Amino acid sequence: MLQCIFLLSDSGEVMLEKQLTGHRVDRSICAWFWDQSLSQGDSFKSLPVIASPTHYLFQIVRDGITFLACSQVEMPPLMAIEFLCRVADVLSDYLGGVNEDLIKDNFIIVYELLDEMIDNGFPLTTEPSILREMIAPPNLVSKMLSVVTGNASNVSDTLPSGAGSCVPWRPTDPKYSSNEVYVDLVEEMDAIVNRDGELVKCEIYGEVQMNSQLTGFPDLTLSFANPSILEDMRFHPCVRFRPWESHQVLSFVPPDGEFKLMSYRVKKLKNTPVYVKPQITSDSGTCRVSVLVGIRSDPGKAIESITLSFQLPHCVSSADLSSNHGTVTILSNKTCTWTIGRIPKDKTPCLSGTLALETGLERLHVFPTFKLGFKIMGIALSGLRIEKLDLQTLPPRLYKGFRAQTRAGEFDVRL
Amino acid sequence: MFNQFGSTSETLSKASAVVLRIGTDAHLYDDPEDVNIAPLLDSKFESEKCEALKRLLALIAQGFDVSNFFPQVVKNVASQSSEVKKLVYLYLLQYAEKRPNEALLSINYFQKDLGDPNPLVRAWALRTMAGIRLHVIAPLALAAVSKCARDPAVYVRKCAANALPKLHDLRLEEHAPAIEEIVGILLNDHSPGVVGAAAAAFTSICPNNFELIRKNYKKLCQILPDVEEWGQILLIGTLLRYVVARHGLVRESLMLSLHGMDSNGFCEKDALVRDLTLDKEDGGKSDSFDVNLVNVVSKCYIEGPDEYLSRSSCLDPVTSAFDSKETTSVAHNEDVKILLQCTSPLLWSNNSAVVLAAAGVQWIMAPLEDVKKIVKPLLFLLRSSSASKYVVLCNILVFAKAAPSLFAPHFENFFICSSDAYQVKAHKLEMLSLVATTSSISSILREFEDYIKDPDRRFAADTIAAIGLCARRLPTIPTTCLDGLLALVRQESFAGDPESVDGEEGVLVQAVMSIQTIIERDPDSHDKVIIQLFRSLDSIKVAAARATIIWMVGVYCSLGPIIPRMLTTLTKYLAWSFKSEASETKLQILNTTAKVLISAKVDDFQMLKRIMVYMLELGECDLSYDIRDRTRFLKKLLPCKLASHEATEDSVASQENIAVHVVEHVFGSKLKPFLPLGLNDRFYLPGSLSQIVLHAAPGYEPLPKPCSFVFEEHDQLSDSDRQRDAGAVLDRSQESSETGDEDGSSDYDSESSVGSEFSSDDNERKVSNDASDPAAPLIQISDTSVSADQEELRSRRALDLWLDDQPSTSNQTPSAVNSNQSSYAKISIGDIGSRVKPKCYSLLDPGNGSGLKVDYAFLSEVSIVSPLHVCVEVLFENSSGEPILDVNLEDEESMKCILQQCANTNST
């Protein structure tokens with residue numbers, strides 16, 4: 001089981017240590033870790049499981065903060081990683097993000113949360129709704145209160161009722177004057193366009209996100225019009241497996257507030273809404289670049305915030321790029337971002353310019369990969385449709401809302 | 001003016017920063033010691049104590065030792081404020097082991113808190129007390145845990161389960177049986193949350209005590225979907241180990257299915273890794289699986305790779321075949337069937353660790369045709385966070401090595417995104433080269449072409465290595481691959497100075513090496529490629545690549561019609577360039593020239609000999625001692641061939657004969673296929689840490705030996721057995737009167753125990769499996785499911801009872817602990833109300849109640865209000881001399897009337 005958790009800032013400083021068992025872990029392990037990651041670079045930083053001379057280390061990096069957990073014995077590594085991810089999620093939910101300042105400013109809350117989330121190296125309470133009842137998140141009111149009165153405890157005196165129930169994700173008896181439930185289909189399009197301009201892979205990763213504000217103990221059923229298109233899925237623990245197995249219906253008692261009900265994947269899509277046509281020619285030390293972006297198949301809704309970013313190859317010494325629409329920025333680490341926004345009706349956005357290669361190089365032999373970003377509100381590109389959402393007992397004044405949106409996920413266009 | 005403005009904005013931003021940080025603990029973290037902490041700790045205001053503790057925690061967070069405040073902090077453990085309490089506990093756990101004497105001061109407060117009506121307080125006290133890790137208090141802590149293991153609040157029981165490994169960690173032998181018993185009780189809990197934590201305790205305390213699992217096996221399987229995700233991970237592993245230990249592996253499973261039919265494949269040790277195409281020739285079902293590898297995998301799972309691999313080298317592997325008695329079959333074994341059924345929906349879990357654990361069970365136990373259902377869920381995990389992606393890929397790689405056909409149709413999932421981390425990319429490449437088939441290879445190769453142009457040159461080099469692997473596996477593609485690789489070699493060698501670009505050398509070296517691996521398979525048909533490589537030797541500048549090509553000169557020097565004719569020119573060129581080469585190339589040149597010399601034809605011989613002598617001279621004065629060593633070695637070995645030293649030829653003829661043999665062996669022998677059993681062929685259980693780090697982590701245990709856990713079926717459940725069961729029931733009923741077992745059903749059995757004619761003195765007897773007890777004549781036992789609100793009712797009442805019970809808990813016997821195990825069964829009783837006199841329990845004795853004695857008993861009648869309710873008879877007796885007035889029997893929760901009162905006051 002886990003023995004210790006360290007939180008490291010992006011400069012390698014140990015911001016916090018939480019020993020979990022009697023077998024203490026000296027923080028010199030962090031120094032070892034940081035030395036290694038400096039000397040071995042990125043490939044070490046992206047290695048989630050590390051066998052150090054004394055301990056096994058599990059690391060995840062979230063917004064520059066490294067969450068490092070140590071163990072000396074066999075344990076499922078995914079359990080450690082998933083737990084660290086959960087800690088990071090809860091912290092960013094509590095503090096409104098994770099960064100060095102936020103964690104240092106709220107270190108007491110971080111300690112209290114960690115103490116509640118893990119006991120003797122084994123996760124104890126990780127359900128966000130229960131944690132919220134046990135340890136109050138910092139908010140403006142509590143901050144003000146603590147300034148005025150000098151004392152405001154954020155630790156609850158009583159055990160949340162959900163902690164022992166058989167639906168631990170739901171607090172007992174929340175009360176709302178108006179009952180509302182919203183279902184969002186949030187989809188991400190993953191695609192790979194290869195150097196011949198061919199669509200090698202195109203699939204949708206989607207999540208059904210819900211926000212439920214319902215009184216009492218509601219029992220919901222959500223059904224899709226075309227569940228057969230779903231290739232893979234994963235469910236929130238509240239979803240009952242049987243009804244899904246028998247007739248592909250989601251039956252569940254929802255948590256309170258926002259949560260992710262399920263995630264799914266739809267494969268083998270035929271078309272992308274946006275096309276990118278990059279061209280590059282290189283000769284005698286300079287390259288000419290031109291990239292065209294346009295709408296391939298109109299999804300029926302406006303395609304917004306289109307961006308295209310790519311990493312200039314190392315051998316490029318300087319770049320002069322301009323566009324006829326949108327703005328182009330090149331950062332010092334040679335990341336180039338072209339922000340297009342919406343595609344205008346009258347012209348096709350085009351990025352063009354020249355790259356100067358380092359001396360001695362005649363032509364470019366490595367090519368960048370373009371990452372496309374876009375967002376379409378009001379449509380789920382996978383074609384998944386929600387048929388209906390039923391409540392077993394209808395509360396008074398029920399409002400049901402449905403939304404959908406699609407954005408680009410891992411959308412790679414290779415040159 | 002501007003200056004002024006600047007300063008204003010600066011102060012403004014400062015001010016805004018201050019405003020933003022108001023109310024947070026920022027100042028405490030930044031300057032924890034800007035005030036004197038000690039007086040604050042002694043302050044009478046909670047807020048000041050709180051601040052002081054926060055400062056201490058800040059110091060702990062920053063790595064300072066603040067254990068000198070221990071005595072003052074311990075005093076505050078008595079505080080009523082929950083926040084102060086929490087902070088004190090955090091501090092205590094950090095330093096208790098260092099300051100054992102002071103820590104003992106806090107024990108009384110924990111004892112007190114353990115009796116608090118607030119479950120949260122009880123849980124905190126328990127967690128801290130168990131976490132203090134002092135041998136002195138271990139007995140107290142154990143008593144506390146065993147009491148909390150029967151706490152009405154789920155949360156407290158969960159904490160009790162978590163506390164068990166803490167006690168176990170102290171390694172006190174005398175407590176071990178008691179701890180394991182509590183594990184058993186908690187495994188039998190009806191709340192999924194507790195069972196999850198108990199499974200964790202089981203794994204770390206007594207992972208091989210399968211008796212505990214056997215008792216609850218079915219129930220554990222049923223409760224598995226409701227257990228919290230973290231508990232699920234460990235419970236799945238525990239159930240799998242139990243089933244293997246009890247019933248052995250499954251005959252139809254992937255692990256064993258190939259075993260019987262393919263023992264001949266198993267004998268051929270040389271072809272330990274046989275690939276897909278070879279298997280096809282064998283025909284039959286085995287075409288999609290790597291037979292030998294599957295065998296290695298399953299052996300590794302059972303015996304652990306270290307043991308297996310060391311043994312397999314000396315033992316005849318056939319003898320290690322599984323005994324057919326040690327296997328079982330899904331169709332006939334109920335336990336296996338249940339395990340597979342209850343784990344398969346978990347493949348949809350949101351937690352990737354659960355999915356992987358469930359997939360591991362299916363992988364090992366599921367019948368061959370069902371194994372494929374793990375594929376899609378596993379592949380879906382590749383869309384999760386990059387950290388878990390890596391771990392999942394490591395596991396998928398093992399699956400794919402043993403059964404490439406499972407993943408072959410899904411090769412597109414392993415196409416590489418630019419945002420993947422380097423390790424993920426490397427693993428995906430390995431997957432692609434593993435699962436490539438003749439139908440998918442063209443698209444995979446086109447992907448590879450793209451990857452070669454990636455700016456990350458290390459990745460490009462890996463891609464080229466993967467091309468080599470693919471070409472070796474699939475016989476149809478080498479020609480296309482070779483053309484591409486040769487073009488690449490040409491392009492790379494002309495791309496200008498390779499050192500100027502990072503990692504470019506690696507690409508070139510890898511390209512040459514891939515060509516070499518492809519050629520190795522079938523050198524005869526590729527002699528043109530070899531010649532092309534030789535020709536490009538001059539333009540290739542990278543030492544490692546040159547060395548590889550020069551090595552090939554030596555190996556293939558007698559291949560085909562053209563190459564032997566090139567040799568003189570080539571060796572001349574090598575001799576000419578020898579001086580300017582890197583030392584690894586020099587070594588290869590020396591070797592190669594020796595090889596060429598040995599296989600040389602007569603007409604070239606004199607020329608080659610002269611070159612050799614020249615090079616040996618050069619080598620003798622080289623700066624590197626490796627090269628000087630090699631030169632001397634060759635000089636000793638080669639005189640027979642060189643024949644330049646005419647002296648003593650006859651006297652040492654026999655010796656030279658040996659030398660000729662040695663030379664022939666060292667330099668003249670044909671290339672043998674070299675397929676080592678690499679580090680990657682060590683297999684550990686899926687989802688384990690050892691599989692990721694590729695060595696057995698401390699605490700790693702392979703699956704138990706099949707059928708190592710033997711349990712005598714109780715098919716002959718005799719009277720004595722039944723008596724034992726009933727005795728246990730009786731035990732419990734007696735205990736429940738003292739401890740107030742929360743489970744309502746226990747109230748029913750109190751009567752049954754009295755009604756049954758069994759003796760009540762067998763307190764020490766162990767509880768045997770009551771679920772398997774056939775229907776007794778009077779008592780019927782069945783599983784009962786407890787609905788949430790019902791449980792709530794019970795727990796509240798039980799809490800009151802339980803709290804009354806404070807003093808008696810410390811002297812509990814193990815049997816008291818035992819007795820709780822059957823609290824799941826609902827026991828219904830036939831019509832015995834007439835012949836049974838209800839047992840009375842004392843609620844208030846005359847000493848405490850100033851003369852009033854109150855007894856109560858549970859009636860056997862079913863309540864007329866609701867079958868969920870219980871009838872209780874309360875008997876009041878006045879044992880004092882004076883009359884007692886105004887006796888009130890009040891129900892505390894008037895809202896939910898749980899007691900139907902049949903008050904019967906006997907006042908004397």
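In this text the structure is predicted, and so the values were computed from the model without any measurement. Convention: sequence-line order gives letters A, B, ...; per-chain numbering from 1.
Within the 4.5 angstrom heavy-atom criterion, no atom of B:Glu701 approaches chain A. With a 4.5 Å cut-off on non-hydrogen atoms, B:Glu412 touches chain A through its backbone and its side chain both. For B:Asp450, the parts lying near chain A are the backbone and the side chain together; criterion is any non-hydrogen pair under 4.5 Å. Of the two parts of A:Asp115, the backbone and the side chain both hold a non-hydrogen atom closer than 4.5 Å to a non-hydrogen atom of chain B. Contact annotation for B:Ala58: both backbone and side-chain heavy atoms come within less than 4.5 Å of a heavy atom of chain A. Looking at B:Lys86, only its side chain comes within 4.5 Å of chain A, counting heavy atoms on both sides. Contact of B:Ile692 with chain A is made through the side chain alone, with heavy-atom distances under 4.5 Å. Of the atoms belonging to B:Glu229, it is side-chain heavy atoms, and not backbone ones, that fall under 4.5 Å from chain A. Residue contact with chain A, scored on non-hydrogen atoms closer than 4.5 Å, involves the backbone and the side chain of B:Ile60 alike. Neither the backbone nor the side chain of B:Ile452 comes within less than 4.5 Å of any heavy atom in chain A. Contact of B:Leu381 with chain A is made through backbone and side chain together, with heavy-atom distances under 4.5 Å. Heavy atoms of B:Ser204 lying under 4.5 Å from chain A are absent altogether. Residue B:Ser384 touches chain A through its side chain alone, counting heavy-atom pairs closer than 4.5 Å.
Residues A:His55 and A:Phe6 place their aromatic rings such that the two centres sit no closer than 6.0 Å. The ring of A:Phe122 has its center no closer than 6.0 angstrom to the ring center of B:Trp230.
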Chi angles and distances behind the side chain to side chain contact (heavy atoms under 4.5 Å, CB included) call for B:Tyr155, A:Leu124: CA-CA 9 Å; B:Tyr155 184 74; A:Leu124 179 65; 3.7 Å; yes
Evaluation steps, side chain to side chain contact (heavy atoms under 4.5 Å, CB included), between B:Glu83 and B:Lys54: CA-CA 10 Å; B:Glu83 186 160 30; B:Lys54 283 180 177 175; 3.9 Å; yes
Working for side chain to side chain contact (heavy atoms under 4.5 Å, CB included), residues B:Leu53 and B:Cys50: CA-CA 5 Å; B:Leu53 286 164; B:Cys50 203; 5.8 Å; no
Side chain to side chain contact (heavy atoms under 4.5 Å, CB included) evaluation trace for B:Arg127 with B:Asn162: CA-CA 8 Å; B:Arg127 284 175 61 185; B:Asn162 277 336; over 6 Å; no
Salt bridge (Lys or Arg N to Asp or Glu O under 4.0 Å) between A:Asp89 and A:Arg62, intermediate numbers included: CA-CA 9 Å; A:Asp89 287 344; A:Arg62 188 70 70 86; 2.9 Å; yes
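Under a cutoff of 6.0 Å and an axis angle of 45°, A:Arg265 and A:Tyr205 do not form a cation-pi pair.
Of the residues considered (A:Lys201, A:Arg86, A:His314, A:Gln72), A:Arg86 shows the highest number of contacts with chain B, using heavy-atom pairs under 4.5 Å. The greatest number of non-hydrogen atom pairs below 4.5 Å with chain A, out of B:Arg446, B:Glu228, B:Glu449, is found for B:Arg446. Interface check for chain B: of the options A:Glu231, A:Gln311, A:His236, the most heavy-atom pairs under 4.5 Å are formed by A:Glu231. Between chain A and the residues B:Leu93, B:Leu57, B:Ile132, the largest count of heavy-atom pairs under 4.5 Å involves B:Leu57. No other option in A:Ser263, A:Ala80, A:Gly121 has as many heavy-atom pairs under 4.5 Å with chain B as A:Ser263. In terms of non-hydrogen atom pairs under 4.5 Å with chain B, the most contact-rich of A:His23, A:Glu127, A:Arg242, A:Gln59 is A:His23. Of the listed residues (B:Gln62, B:Gln94, B:Arg383, B:Lys85), the one with the most heavy-atom contacts under 4.5 Å to chain A is B:Arg383. Between chain A and the residues B:Gly131, B:Ala200, B:Ala421, B:Gly193, the most heavy-atom pairs under 4.5 angstrom are made by B:Ala200. Ranked by heavy-atom pairs under 4.5 Å with chain B, the first of A:Glu116, A:Glu203, A:Gln19, A:Lys260 is A:Glu116. Each of B:Val194, B:Leu234, B:Leu87 has some count of heavy-atom pairs under 4.5 Å with chain A, and the biggest count is that of B:Leu234. Ranking A:Arg414, A:Met79, A:Met262, A:Glu410 against chain B, the residue ahead of the rest is A:Arg414, based on heavy-atom pairs under 4.5 Å.
The minimum heavy-atom distance between A:Arg27 and B:Ala61, with the atom names listed, is NH2-O, 2.7 Å. Scanning all heavy atoms of the two residues, the minimum distance from B:Ala201 to B:Leu164 falls at CB-CB, 4.4 Å.
No donor-acceptor contact under 3.5 angstrom links the side chains of B:Asn351 and B:Ser349, judged on distance only. A donor atom on one side chain and an acceptor atom on the other are not found under 3.5 Å apart for A:Thr21 and A:Asn120.
For A:Lys267, the salt bridge (Lys or Arg N to Asp or Glu O under 4.0 Å) test picks out no residue, with sequence neighbours left out. Applying the ring pair (Phe, Tyr, Trp, His ring centres under 6.0 Å) criterion to A:Phe217, with sequence neighbours excluded, gives no partner residue.
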